[in-house]
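Values in this document were obtained by computation on a predicted structure and should not be read as measured data. Reminder, nothing fancy here: chain letters follow the sequence lines and each chain counts from 1.
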Protein chains: 4
Amino acid sequence: MTATAGHNSLAKDALKSFVERIENLETEKKALADDIKEVYSEAKANGFDTKVMRAVIRERKKDPADRDEFDSLFDLYMSVFG
Amino acid sequence: MTATAGHNSLAKDALKSFVERIENLETEKKALADDIKEVYSEAKANGFDTKVMRAVIRERKKDPADRDEFDSLFDLYMSVFG
Amino acid sequence: MTATAGHNSLAKDALKSFVERIENLETEKKALADDIKEVYSEAKANGFDTKVMRAVIRERKKDPADRDEFDSLFDLYMSVFG
Amino acid sequence: MTATAGHNSLAKDALKSFVERIENLETEKKALADDIKEVYSEAKANGFDTKVMRAVIRERKKDPADRDEFDSLFDLYMSVFG
DNA sequence: CCGGGAGGAGAGGTCC
DNA sequence: GGACCTCTCCTCCCGG
């Protein structure tokens with residue numbers, strides 16, 4: 001936390017390294033996000049409803065047991081409102 | 001809009017293809033997210049404050065975008081509020 | 001488009017007025033959002049599942065016709081994946 | 001899990017009450033959102049750029065929060081990147 | 001009609 | 001482990 005060309009230079013280098021590694025990974029992650037957007041665009045251009053597609057993909061990601069539990073509770077709550 | 005075996009088999013295949021492409025890309029994206037988490041963990045183990053690191057990375061991301069073409073108008077509007 | 005004291009003082013006043021009206025409305029809006037959060041907290045403290053509650057409230061907000069259309073398309077898409 | 005008149009009638013009533021309170025609050029909140037939209041429309045009709053106005057309002061909202069206690073640490077970390 | 005931006009909801013991480 | 005809070009994603013609305 002102090003002086004000339006030396007003190008904590010290792011910590012500085014370490015920090016820079018960590019930050020740069022993260023930024024590089026985020027760059028790659030963003031590229032994939034863009035790719036995904038692109039595929040949705042293609043699908044849309046082919047007449048598919050992307051909102052429904054998203055729902056399907058979300059559904060397939062879920063644990064069936066969790067889904068069942070959620071559904072039964074949902075039905076119970078809804079039943080309160082006729 | 002379709003073909004031979006069964007109803008709309010082409011559309012079905014197209015939908016399957018789109019969904020699977022997206023799911024694969026999301027798998028890769030998640031792997032990168034996990035990598036990023038891992039780097040933050042390393043940094044934390046080395047004594048860095050990850051909350052501040054996140055702020056730094058966010059800041060560095062924002063700067064380039066902030067050179068907007070409406071900056072002058074923005075400044076004008078802001079000037080109204082002293 | 002202007003008047004007496006200084007350049008565009010009318011426009012300035014108008015802008016200030018618009019901005020302040022919006023900011024006041026946003027303050028009120030935020031207060032309501034906090035109230036809503038508070039009710040969810042109470043409900044949770046009484047043993048209700050807030051995630052399911054949100055789903056119920058969202059469901060009740062929807063137009064039945066839209067919901068049916070979405071559901072049938074959703075089922076169709078899902079059927080592609082066995 | 002409950003008492004006398006009918007199955008869980010108390011829990012039912014409680015749930016209904018919570019949901020209705022939330023829905024009423026959301027109705028009020030939406031009314032305010034509409035009011036805000038209305039003010040933006042007026043401003044636009046008076047020749048102001050609503051996009052810039054939004055930027056101004058956002059900025060004014062951020063400033064107070066940005067005086068964070070970790071500013072010094074943030075500056076230290078940023079200094080690494082000259 | 002399409003893409004981009006703003007607002008809201010949900011999920012995950014962090015601190016207590 | 002529970003609550004807050006940040007971040008990401010989804011949806012809707014405005015502008016082009």
Side-chain angles (χ1 to χ4, degrees), chain A residues 22 26 29-30 32-34 36-38 40-42 44-45 47 49-59 61-63 66 70, chain B residues 22 25-26 29-30 32-34 36-41 43-45 48-59 61-62 65 68-70, chain C residues 22 25-26 29-30 32-34 36-38 40-45 47 49-59 61-63 66-67 70, chain D residues 22 25-26 29-30 32-45 48-59 61-62 65-66 68-70:
Chain A
I22 290 167
E26 287 189 346
K29 185 154 81 85
K30 186 177 186 318
L32 284 171
D34 290 343
I36 290 169
K37 248 186 92 164
E38 174 63 26
Y40 276 115
S41 291
E42 281 185 55
K44 183 174 183 173
D49 183 322
T50 58
K51 183 177 172 183
V52 177
M53 283 178 65
R54 286 177 196 275
V56 167
I57 288 169
R58 204 181 314 130
E59 186 69 18
K61 218 174 288 179
K62 278 181 194 160
D63 177 351
D66 291 346
F70 179 90
Chain B
I22 290 168
L25 289 167
E26 286 189 347
K29 187 154 79 82
K30 187 179 185 316
L32 283 171
D34 290 343
I36 291 169
K37 255 187 73 172
E38 174 62 27
V39 179
Y40 275 116
S41 291
K44 184 175 185 173
F48 294 106
D49 184 322
T50 58
K51 185 177 173 183
V52 178
M53 283 178 66
R54 286 177 195 276
V56 167
I57 288 170
R58 199 183 317 129
E59 188 66 19
K61 207 175 299 178
K62 250 189 306 183
D68 281 326
E69 73 285 358
F70 61 75
Chain C
I22 290 167
L25 290 167
E26 286 189 347
K29 186 153 80 85
K30 186 178 185 318
L32 284 171
D34 290 343
I36 290 169
K37 247 187 92 166
E38 174 63 25
Y40 276 115
S41 291
E42 279 185 55
K44 183 175 185 174
D49 184 321
T50 59
K51 183 177 172 182
V52 177
M53 283 178 65
R54 286 177 195 276
V56 167
I57 288 169
R58 203 182 315 128
E59 188 68 18
K61 215 174 293 179
K62 278 181 194 159
D63 177 351
D66 290 346
R67 182 62 188 175
F70 179 89
Chain D
I22 290 168
L25 290 167
E26 287 189 347
K29 187 153 78 83
K30 185 175 187 318
L32 284 171
D34 290 342
D35 289 346
I36 291 169
K37 258 186 71 170
E38 173 62 27
V39 178
Y40 275 115
S41 292
E42 280 186 55
K44 183 174 183 175
F48 294 106
D49 183 323
T50 59
K51 185 178 174 183
V52 178
M53 284 178 64
R54 287 176 194 275
V56 167
I57 288 169
R58 201 183 317 129
E59 187 66 20
K61 208 175 299 179
K62 249 190 305 183
D66 275 350
D68 281 325
E69 71 287 356
F70 62 77

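In this structure, CE of C:M53 is placed 16 Å from C1' of E:dG10, rounded to the nearest angstrom. Following rounding to the nearest Å, D:D49 (CG) and E:dA6 (P) show an atom-to-atom distance of 12 Å. As a whole-Å value, the separation of C:I36 CD1 from E:dG8 P is 9 Å. The distance from atom CG of D:D34 to atom C1' of E:dG7 is 13 Å, rounded to the nearest whole Å. Straight-line distance from the CD atom of C:E59 to the P atom of E:dA9: 16 Å, rounded to whole Å. Rounded to whole angstrom, the span from the CD1 atom of C:I22 across to the C1' atom of E:dG7 amounts to 15 Å. For the pair C:K30 NZ and E:dA6 P, the computed distance is 20 Å after rounding to whole Å. Remark: P of E:dA11 and NZ of A:K62 are 8 Å apart, rounded to the nearest angstrom.
One finds a side-chain N or O of B:K37 lying less than 4.0 angstrom from the OP1 or OP2 phosphate oxygen of E:dG13. Contact between the side-chain N/O atoms of A:R58 and the OP1/OP2 oxygens of F:dT8 is not found at any separation under 4.0 Å.
Residue-to-nucleotide proximity on DNA chain E shows that, of D:Y40 and C:R54, the 5′-proximal contact is made by D:Y40. Remark on DNA chain E: of its neighbouring residues B:T50 and C:K29, the 5'-side contact belongs to C:K29, judged by nearest-heavy-atom nucleotide.
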Fill in: Steps toward side chain to side chain contact (heavy atoms under 4.5 Å, CB included) verdict (A:I57, A:K61)
CA-CA 6 Å; A:I57 288 169; A:K61 218 174 288 179; 4.2 Å; yes
Worksheet item: Step by step, would you call D:M53 with D:K44 a side chain to side chain contact (heavy atoms under 4.5 Å, CB included)?
Response: CA-CA 10 Å; D:M53 284 178 64; D:K44 183 174 183 175; over 6 Å; no
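Residues A:Y40 and A:T50 come closest through the heavy atom pair O-CG2, 3.5 Å.
Here D:K44 lies in heavy-atom contact (under 4.0 Å) with sugar-phosphate atoms only.
Enclosure of atom NZ in D:K30 is not indicated, since only 12 or fewer non-hydrogen atoms of other residues, nucleotides or ligands lie within 6.0 angstrom.
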